[in-house]
Number of protein chains: 2
Amino acid sequence: MVTTVVIHLKQISTRFSMAVHILSLVAVSPTAECTGDYIAGSVNTNPVVIRRIMGMLKKAGLIEVRPGVGGASLRRSPEQITLLDIYRAVNVIEGDQLFRMHEEPNERCLVGRNIETVLQSEMNEAQAAMEQRLAQTALSELTDKFQ
Amino acid sequence: MVTTVVIHLKQISTRFSMAVHILSLVAVSPTAECTGDYIAGSVNTNPVVIRRIMGMLKKAGLIEVRPGVGGASLRRSPEQITLLDIYRAVNVIEGDQLFRMHEEPNERCLVGRNIETVLQSEMNEAQAAMEQRLAQTALSELTDKFQ
DNA sequence: AGTGTTGTAACATATGTGGTTACAACGGTG
DNA sequence: CACCGTTGTAACCACATATGTTACAACACT
């Protein structure tokens with residue numbers, strides 16, 4: 001018997017925008033100030049939600065968090081953190097596939113036999129176009145625009 | 001009191017790949033052959049799922065379905081139907097926003113005050129990049145590759 | 001009238017999200 | 001050392017969406 005686990009990406013969740021928010025705060029604030037509770041106040045959500053996302057950002061090597069003491073700091077300069085880095089850090093889906101293909105089309109049919117290969121490459125291209133655009137913007141470009 | 005309805009896009013669902021499959025079948029098969037049951041056999045799913053998606057494609061003006069009689073046909077030539085048309089037809093989300101922003105960041109904070117405007121334009125750019133890529137491929141380009 | 005089809009409604013199941021409470025581990029400070 | 005605020009997680013909830021399924025009315029042809 002074969003067991004297949006399908007991971008659904010509900011959407012590009014608000015985790016992404018919250019992660020950008022968090023990193024922006026860390027970029028412009030002193031380390032000691034950046035506690036989960038403080039950030040939660042700015043994002044306007046529960047501190048645990050923030051800690052969860054910060055855990056992902058830490059795992060991705062984007063930030064350093066001080067356990068016990070509290071506070072966080074960037075591990076790379078804001079110029080070297082792109083929106084794609086952030087997107088990848090918090091959108092944990094199998095194979096990073098934005099699109100999904102329906103399972104097991106009928107191989108006895110001309111279309112069913114070919115659709116997967118032909119369409120998959122188109123979906124990959126579309127996803128790549130989006131990711132390339134995200135990669136063009138650095139965290140510093142956002143914080144530079146704050147007034 | 002203000003009521004806000006948040007529409008979640010669980011993902012770019014398999015509705016999209018199924019819709020492309022359906023339209024490919026309609027493009028290469030005689031009208032009478034294209035019944036919901038026949039298509040369901042090729043896609044390998046329940047006929048009702050197909051009928052639901054065909055309803056969306058009909059609503060978007062991409063196909064014509066013959067009630068009672070059965071069968072479907074394209075309302076535009078395959079050269080004039082792009083993957084973006086199909087994507088838009090089946091991904092029904094408020095404002096067609098691929099990305100979501102967290103709600104009500106704290107206005108008293110420098111970051112919270114600015115993040116929405118600054119990040120939203122980046123997200124729009126990324127989404128546009130993906131959609132432009134989808135718009136570059138026509139249904140006919142897919143069916144041409146079937147062998 | 002009978003048959004096969006479309007069009008929906010209604011429901012079941014599965015899964016991700018964002019929020020919440022609870023609590024252990026950590027690392028300073030009095 | 002005891003205290004305190006913080007981080008790191010586990011566990012759970014409420015909710016929304018996706019896909020599949022049954023059921024049935026409306027439709028059009030024979």
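The sequence lines fix the lettering, A, B, ..., with proteins before strands; numbering per chain opens at 1. None of the values given here were measured: they were computed from a predicted structure.
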Inter-residue atom distance A:T117.OG1 - B:K145.NZ, 0.5 Å rounding:
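Reported to 0.5 Å precision, the distance equals 10.5 Å.
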
Quick one: is D:dT19 close enough that its OP1 or OP2 comes under 4.0 Å of any side-chain N or O from A:R100?
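So the side chain of A:R100 is within the cut-off, an N or O lying under 4.0 Å from OP1 or OP2 of D:dT19.
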
Side-chain N or O of A:T14 less than 4.0 angstrom from OP1 or OP2 on C:dG18?
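So the side chain of A:T14 is within the cut-off, an N or O lying under 4.0 Å from OP1 or OP2 of C:dG18.
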
What residues, two or more places apart in sequence or in another chain, satisfy side chain to side chain donor-acceptor pair (under 3.5 Å) together with [X]?
X	result
B:S121	none
A:R75	none
B:S77	B:E79, B:Q80
A:N124	A:Q120

According to the interplanar angle, ranging from 0 to 90°, do the rings of A:F16 and A:Y87 count as parallel (below 30°), tilted (30 to 60°) or perpendicular (above 60°)?
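Rings of A:F16 and A:Y87: perpendicular, over 60°.
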
Please report the distance, rounded to the nearest Å, between [atom1] in [X] and [atom2] in [N].
X	N	atom1	atom2	answer
B:R15	D:dT19	CZ	P	6 Å
A:I63	D:dG8	CD1	C1'	13 Å
B:E103	C:dT17	CD	C1'	13 Å
A:E64	D:dG8	CD	C1'	16 Å
A:K59	D:dG8	NZ	P	13 Å

N/O donor-acceptor pairs under 3.5 Å from side chains in residues 41-53 of chain A, not counting sequence neighbours:
unit_1 : atom_1 : unit_2 : atom_2 : d
A:S42  : OG     : A:H21  : NE2    : 2.8
A:N44  : ND2    : B:E104 : O      : 2.8
A:N46  : OD1    : A:V48  : N      : 2.9

Is there a residue in residues 45-58 of chain A whose heavy atoms reach under 4.0 Å of DNA chain C, and which residues are they?
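Listed by number, they are A:T45, A:N46, A:V48, A:V49, A:R52.
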
Go through residues 21-44 of chain A and report each residue with a non-hydrogen atom lying under 4.0 Å from DNA chain C, sorted by number.
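Output list: empty, so none.
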
Going by the rule side-chain contact (heavy atoms from CB on, under 4.5 Å), which residues pair with B:A27 if we only count those two or more places apart in sequence or in a different chain?
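Residues passing side-chain contact (heavy atoms from CB on, under 4.5 Å) with B:A27: B:L74, B:P78, B:L139, B:T143.
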
B:Q132: partners by side-chain contact (heavy atoms from CB on, under 4.5 Å), with sequence neighbours left out
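For B:Q132 the side-chain contact (heavy atoms from CB on, under 4.5 Å) partners, ignoring immediate neighbours, are B:A128.
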
Which donor-acceptor pairs under 3.5 Å do the side chains of residues 66-73 of chain A make with protein atoms, sequence neighbours left out?
unit_1 : atom_1 : unit_2 : atom_2 : d
A:R66  : NE     : A:G70  : O      : 3.0
A:R66  : NH2    : A:G70  : O      : 3.0

The criterion is salt bridge (charged side-chain N to carboxylate O under 4.0 Å, His left out); which residues satisfy it with A:R113, sequence neighbours excluded?
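Partners of A:R113 by the salt bridge (charged side-chain N to carboxylate O under 4.0 Å, His left out) criterion come out as none, since no residue qualifies.
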
Check nucleotides 27-30 of chain C against the protein and report each pair of N or O atoms closer than 3.5 Å, with its distance, or say if there are none.
none

